[in-house]
Protein chains: 2
Amino acid sequence: MLSAKTQYALHALTYLGERYGQDPIPISRIAEERKMPYKFLEAILLELRNNGILGSKAGKSGGYYLLKKPAEIQLVDVIRFVDGPIAQLPCVSKKFYEPCRVCPYPEDKCHLRKFFIQVRDATLNVIEGKSLQDLINMESGFPVEFSI
Amino acid sequence: MLSAKTQYALHALTYLGERYGQDPIPISRIAEERKMPYKFLEAILLELRNNGILGSKAGKSGGYYLLKKPAEIQLVDVIRFVDGPIAQLPCVSKKFYEPCRVCPYPEDKCHLRKFFIQVRDATLNVIEGKSLQDLINMESGFPVEFSI
DNA sequence: TAAATTCCTATTAATTTTATAGGAATTATA
DNA sequence: TATAATTCCTATAAAATTAATAGGAATTTA
């Protein structure tokens, strides 16, 4: 399951994406309108900023904003950054690979590994290539439009 | 990511599946051969037994065994039982549905919900219909054979 | 009756997740 | 230039979940 943190991040990014091009938006506004704990959201947005996903402006009338158009922000990047691996097993992760701590097999003989490679690929097939704009478009119930 | 518990469960079931039809196999043997903490494995197998996935025999020369043929044990059932929901969001789960605790939207308007329904379905397409026997067959690198 | 096992409940330890606190730095504008 | 509104940053705490252990009762075989 996605962590609350990841859900907050995605909701906040959607909020900013729907207002792309406007003045910077303060944390307080997002936190109030989307019912998130202020300080937790602050930490999340700061991380996203320090990772190059968001821009910010300090001081009065400051706030956060998207550095790129919503159509250019890949959901898979956001999810990986906030939540970590897409895969179900470390040994099968493309971006966070490590050997499974509890696996009794040599990696290339492991039945679980082969199985969860398939699961990972199915998941990636849905997620990869989808942008924040795609997510925003989904909200209204329109047919999904892809960003590429 | 799958919990260590789930990985242990799947490895243990595979161990039993590969020995289907033999005498009951004691926890100690599985724990040693598959490098799992004895007491943790004991708790896991007990749960699986109490949920009708495993049978057991107490006392000397007792142990655990599969109640059904490996081809009749659905992986999706095991995973759900040990690990919980397949879905990434509670509001999208088929078997463990609940409203998302942190969601600011009415459910039918939520962009995340629509997106993660697609992810869930892609995952289920791979997992559903796969049996323990399919998992066992994967180990050797043979082409996957489906149980139905 | 002894040995080997499961059965069961309780407890502890470790890790991860979800926050909160508090103040420094920055910026707009009155 | 003072004030208010904001981000920036580090540290800490609280809560929840996961991983594991303890210990003894009950069962079964031989």
Next item on the list: Take atom CG of A:Leu41 and atom C1' of C:dT20, then tell me their distance rounded to the nearest Å.
Entry: 14 Å
Item checked: Intermediate values then yes/no, side chain to side chain contact (heavy atoms under 4.5 Å, CB included), A:Thr14 and B:Leu112 -> CA-CA 10 Å; A:Thr14 301; B:Leu112 287 192; 5.6 Å; no
Note to self: Distance check needed: D:dT18 P versus B:Met1 CE, whole Å only.
What the structure shows: 14 Å
Checklist line | B:Val92 versus B:Arg120, closest heavy-atom pair with distance | finding: O-NH1, 2.8 Å
Check: In whole angstrom, what separates B:Asp23's CG from C:dT5's P?
Finding: 12 Å
Are any protein N/O atoms closer than 3.5 Å to N/O atoms in nucleotides 8-17 of chain C? If there are, list each pair with its distance.
| residue | atom | partner | partner atom | Å |
| --- | --- | --- | --- | --- |
| C:dC8 | N4 | B:Glu42 | OE2 | 2.7 |

Note to self: Between B:Tyr64 and C:dT5, is there a contact of a side-chain N or O with OP1 or OP2 at under 4.0 Å?
What the structure shows: no
Next item on the list: Quick one: do A:Leu10 and B:Phe115 satisfy side chain to side chain contact (heavy atoms under 4.5 Å, CB included)? Show the steps, please.
Entry: CA-CA 11 Å; A:Leu10 291 172; B:Phe115 180 69; over 6 Å; no
Check: Rounding to a whole Å, what distance do you find between A:Leu45:CG and D:dT7:P?
Finding: 8 Å
Check: Starting at the 5' end of DNA chain C and moving along, which residue's nearest nucleotide shows up first, B:Tyr38 or B:Val102?
Finding: B:Tyr38
Next item on the list: Give the ring-plane orientation class for A:His11 versus B:Tyr105, where under 30° counts as parallel, over 60° as perpendicular and anything between as tilted.
Entry: tilted
Checklist line | Whichever hydrophobic residues join A:Tyr65 through chains of side-chain contacts under 4.5 Å | finding: A:Leu67
Check: Quick one: does B:Lys5's side chain have a donor or acceptor within less than 3.5 Å of a partner on B:Leu41's backbone?
Finding: no
Next item on the list: Could you tell me which non-hydrogen atom of A:Ala122 sits nearest to which non-hydrogen atom of B:Val126, and how far apart they are?
Entry: CB-CG2, 3.4 Å
Margin query: For A:Pro85 versus A:Ser93, what's the shortest heavy-atom pair and its separation?
Written below: CB-OG, 3.9 Å
Notebook entry, point to check: D:dT17 P sits how many Å from B:Leu2 CG, rounded?
Noted result: 18 Å
Note to self: Please verify the inter-ring angle class for B:Tyr8 with B:Phe40; under 30° counts as parallel, over 60° as perpendicular, anything in between as tilted.
What the structure shows: perpendicular
Could you go through nucleotides 28-30 of chain C and list every protein N or O atom that sits under 3.5 Å from one of its N or O atoms, giving the distance for each pair?
| residue | atom | partner | partner atom | Å |
| --- | --- | --- | --- | --- |
| C:dA28 | OP1 | A:Lys57 | NZ | 3.2 |

Next item on the list: Quick one: label A:Ile27 by what it contacts on the DNA or RNA (base, sugar-phosphate, nothing), any heavy atom closer than 4.0 Å.
Entry: sugar-phosphate
Next item on the list: Figure out the CD1/C1' separation between A:Ile44 and C:dT18, and round it to whole Å.
Entry: 9 Å
